[in-house]
Amino acid sequence: MKVLIVGNGGREHALAWKIKASPRVRHVYVAPGNAGTAVDAINVPIPASDHAGLIKFAKENEIDFVVVGPEAPLVAGLVDDLQAAGIRAFGPSKAAAELEGSKVFCKNLLRQADVPTADYQTFRDAGDAIRYIKDRYAEPDASCPVVVKADGLAAGKGVIVCSNRREALEAIERIAGSREFGAAGDRLIIEERLSGPEVSILAITDGSTILTLPSAQDHKPAFDGDQGPNTGGMGAYCPTPIVDAEMVAKIEASILVPVVHAMKRSRRPFRGVLYAGLMITAAGPKVLEFNVRFGDPECQPLLMRLKGDLVDIIEAVIDGRLDQLDPPEWDPRPAVCVVMASEGYPGEYETGRVITGLDRAAELENVKVFHAGTAEQDEDVVTAGGRVLGVTAIGQTISAAKLQAYRAVREIRWPGAWCRKDISDKALE
Ligand code: AMP
Ligand code: GLY
């Protein structure tokens, strides 16, 4: 078989590595890929936005199926375009990807389906949103536990968690006034601020049958102890001890099943990876957001633990026969992924720094270094993004996996490289 993966991040490197491991697969191509996918697969210099170019490549090379990794091409309808050209593709349609592409669509669907989520109001107009806050929180320095969200895609940055009225008004101004996130701010949501630990529950579905994957936990804030600005994710581990079998059953019954049914009823059957970002509140698990793809970096520890053949799962979803597939086996050992980032990330950063020590890290047992923002330059691997590597290890315990991941991190160097030092510590709290 020949498989094409679209994207260039750590998630896509993990997908390429796992799909390449299938005995049924001969060639894996990644468009456009990074320096890591250049080693584990074959890079093709076509950007994810070039639908015609991807279709042409898939046809000319007799690709058996395409896996679309990131949200932007899914929301832009790449899967629809591939399918219209007769190419099999894994991922939701443009209509189904609205679940991530529009937070207003997502919240309305959750409300309709009676799925637990924070109370919310939607606004088209900054003035209305400002009046809403001022009416409810009369005192200028009143505590104001709300979250202000831009409706559209904003690379994880369009969500502003507020404590007081000033912060809430500022957030509205950034999204709907100065339009920091562009068209993503055409509409905004103000919602109740929840509290509790966060978990990512990913499920693979063909629109009818749901295969829930082991729970994972991301680390979104940049610095240790969850301090600092939000990032795309500074590390993840899997599984999470706070989600036991009873909690999984509850999440399936109260969240995943009703959402899959509601999508089907709204004639947007969801096929692909349904990612529920949840907060485990005192009143039970509630939805913060839905994503329509594998999480990055959650995908890296998840796939490191998957023992079954990912290709069998993907094909069962494409063909709508997930109900006939035996559930895959998982390595009982936990996995931890530590993201190494460029100096300055999630703000501005420089690229082109030469990375050393990748060979030494790769020699360590039970370690896989997934590349994210890397590129090949002459004989070197250089930095090419904010999140550069996802150093992932598996171990007998979470502590052992963590220790091994950081052992590998210590082998890898470039000027300005940094990472959080506490990835997975929340599991031990
Ligand atoms: P999202 O992109 O919607 O997952 O939001 C990014 C981060 O903002 C989440 O990981 C949470 O830490 C935080 N967040 C989002 N919604 C809420 C909420 N209703 N209450 C508290 N924190 C939230
Ligand atoms: N790790 C969070 C995300 O993929 O959106």
Side-chain angles (χ1 to χ4, degrees), residues 7 9-12 14-15 69-72 74-75 97 99-107 110 115-122 144-163 167-168 171 175 181 184 188-202 213 215-222 226-238 240 272-283 285-303 337-339 341 346 370 372 386-387 390 420 423 426:
R11 163 185 48 220
E12 287 75 31
L15 285 165
E71 60 276 20
L74 290 167
V75 170
L99 204 52
E100 177 167 359
S102 166
K103 290 190 193 291
V104 172
F105 171 81
C106 177
K107 293 294 284 195
L110 296 177
V115 170
T117 188
D119 282 339
Y120 70 101
Q121 294 282 335
T122 64
C144 174
V146 300
V147 183
V148 184
K149 302 185 173 184
D151 175 50
L153 291 185
K157 291 178 195 143
V159 172
I160 304 167
V161 180
C162 310
S163 303
E167 287 173 359
I175 295 172
F181 311 102
L188 61 83
I189 289 175
I190 300 181
E191 69 178 36
E192 165 201 14
R193 178 171 166 182
L194 305 172
S195 59
E198 285 179 46
V199 293
S200 308
I201 299 291
L202 282 71
L213 309 184
S215 60
Q217 194 169 41
D218 191 7
H219 295 65
K220 283 197 175 128
D226 283 346
Q227 301 299 306
N230 260 341
T231 68
M234 294 302 299
Y237 65 95
C238 160
T240 61
V273 181
L274 194 56
Y275 166 135
L278 305 177
M279 197 164 251
I280 311 297
T281 72
K286 292 193 180 186
V287 175
L288 296 179
E289 63 161 351
F290 265 103
N291 294 325
V292 299
R293 48 172 174 86
F294 278 106
D296 190 342
E298 291 95 324
C299 182
Q300 290 83 316
L302 263 168
L303 291 188
C337 169
V338 177
V339 169
F370 294 113
R387 293 191 293 169
R420 272 182 68 157
I423 301 302
K426 276 187 262 194

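Both counts, for ligands and for their atoms, begin at 1 and track the order of listing.
In the vicinity of Val159, heavy-atom distances shorter than 4.0 Å reach the ligand 1 atoms 1 (P), 2 (O), 3 (O), 5 (O), 6 (C), 8 (O), 15 (C). Residue-ligand proximity, Gly295 to ligand 2, at heavy-atom distances under 4.0 Å covers atoms 4 (O). Listed by number with element, the atoms of ligand 1 under 4.0 Å from a non-hydrogen atom of Glu289 are 1 (P), 2 (O), 3 (O), 4 (O). Which parts of ligand 1 touch Lys103 is read off a 4.0 Å heavy-atom cut-off, strictly below it: atoms 2 (O), 3 (O). Here is the list of ligand 1 atoms found below 4.0 Å of a heavy atom in Glu191: 16 (N), 17 (C), 18 (C), 19 (N). Heavy-atom proximity to Asp218, at under 4.0 Å, picks out these atoms of ligand 2: 1 (N), 2 (C).
Not counting sequence neighbours, the partners of Ser102 by the side chain to side chain donor-acceptor pair (under 3.5 Å) test are Asp151. Applying the side chain to side chain contact (heavy atoms under 4.5 Å, CB included) criterion to Leu288, with sequence neighbours excluded, gives Leu194, Glu198, Met279.
In this structure, Ala236 falls outside the shell of residues with a heavy atom less than 4.0 angstrom from ligand 2. In this structure, Gly232 counts as a contact residue of ligand 2, since one of its heavy atoms falls inside 4.0 Å of the ligand. Distances shorter than 4.0 angstrom occur between a heavy atom of Glu192 and an atom of ligand 1.
When side chains are defined from C-beta on, Arg193 counts as touching Val161, because their heavy atoms get closer than 4.5 Å. Under the 4.5 Å side-chain criterion, counting only non-hydrogen atoms from C-beta, Pro221 is in contact with Asn230. Contact of the Tyr275 side chain with the Glu100 side chain is not registered, since no non-hydrogen atoms from C-beta on lie closer than 4.5 Å. In this structure, Lys107 and Ile189 have side chains that are in contact, with non-hydrogen atoms separated by less than 4.5 Å. Residues Leu110 and Tyr120 have side chains not in contact (no heavy-atom distance under 4.5 Å, counting atoms from C-beta outward).
Considering backbone and side-chain atoms alike, Glu289 places every N or O at 3.5 Å or more from each N or O of ligand 2. At least one N/O-N/O distance between Lys149 and ligand 1 falls below 3.5 Å. The N/O atoms of Lys220, backbone and side chain alike, include none that comes under 3.5 Å of an N/O atom in ligand 2. Taking distance alone, with nitrogen or oxygen atoms compared against 3.5 Å, Lys220 approaches ligand 1 more closely than that limit. At least one N or O atom of Leu194 sits closer than 3.5 Å to an N or O atom of ligand 1.
Nearest protein neighbour of atom 5 (O) of ligand 2, counting heavy atoms only, is Arg293 NH2, 2.9 Å. The single protein non-hydrogen atom nearest to atom 22 (N) of ligand 1 is Met279 CE, 3.9 Å, given as residue, atom name and distance. Nearest protein neighbour of atom 17 (C) of ligand 1, counting heavy atoms only, is Leu288 CD2, 3.5 Å. Protein heavy atom nearest atom 12 (O) of ligand 1, with residue, atom name and distance: Glu198 OE2, 2.4 Å.
Between atom 7 (C) of ligand 1 and the options Thr281, Val161, Asn230, the minimum heavy-atom separation is to Asn230.
Side-chain contact of Gln217 with Thr240: a donor-acceptor pair under 3.5 Å is absent, judged by distance alone.
When all heavy atoms are compared, the tightest approach of Gly69 to Glu12 is CA-OE2, 3.2 Å. Here the closest non-hydrogen pair linking Leu74 and Val292 is CD1-O, 3.5 Å. Across every non-hydrogen atom of Val148 and Cys162, the tightest pair is CG2-SG, 4.1 Å.
The part of Glu298 lying near ligand 2 is the side chain, judged by heavy-atom distances below 4.0 Å. Contacts of Tyr275 with ligand 2, taken as heavy-atom pairs under 4.0 Å, involve the side chain alone.
One finds a salt bridge joining Arg420 and Asp226 here, because a Lys/Arg side-chain nitrogen approaches an Asp/Glu carboxylate oxygen to under 4.0 Å.
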ask   = Can you check salt bridge (Lys or Arg N to Asp or Glu O under 4.0 Å) on Lys220 and Glu289, steps first, answer last?
value = CA-CA 14 Å; Lys220 283 197 175 128; Glu289 63 161 351; 3.6 Å; yes
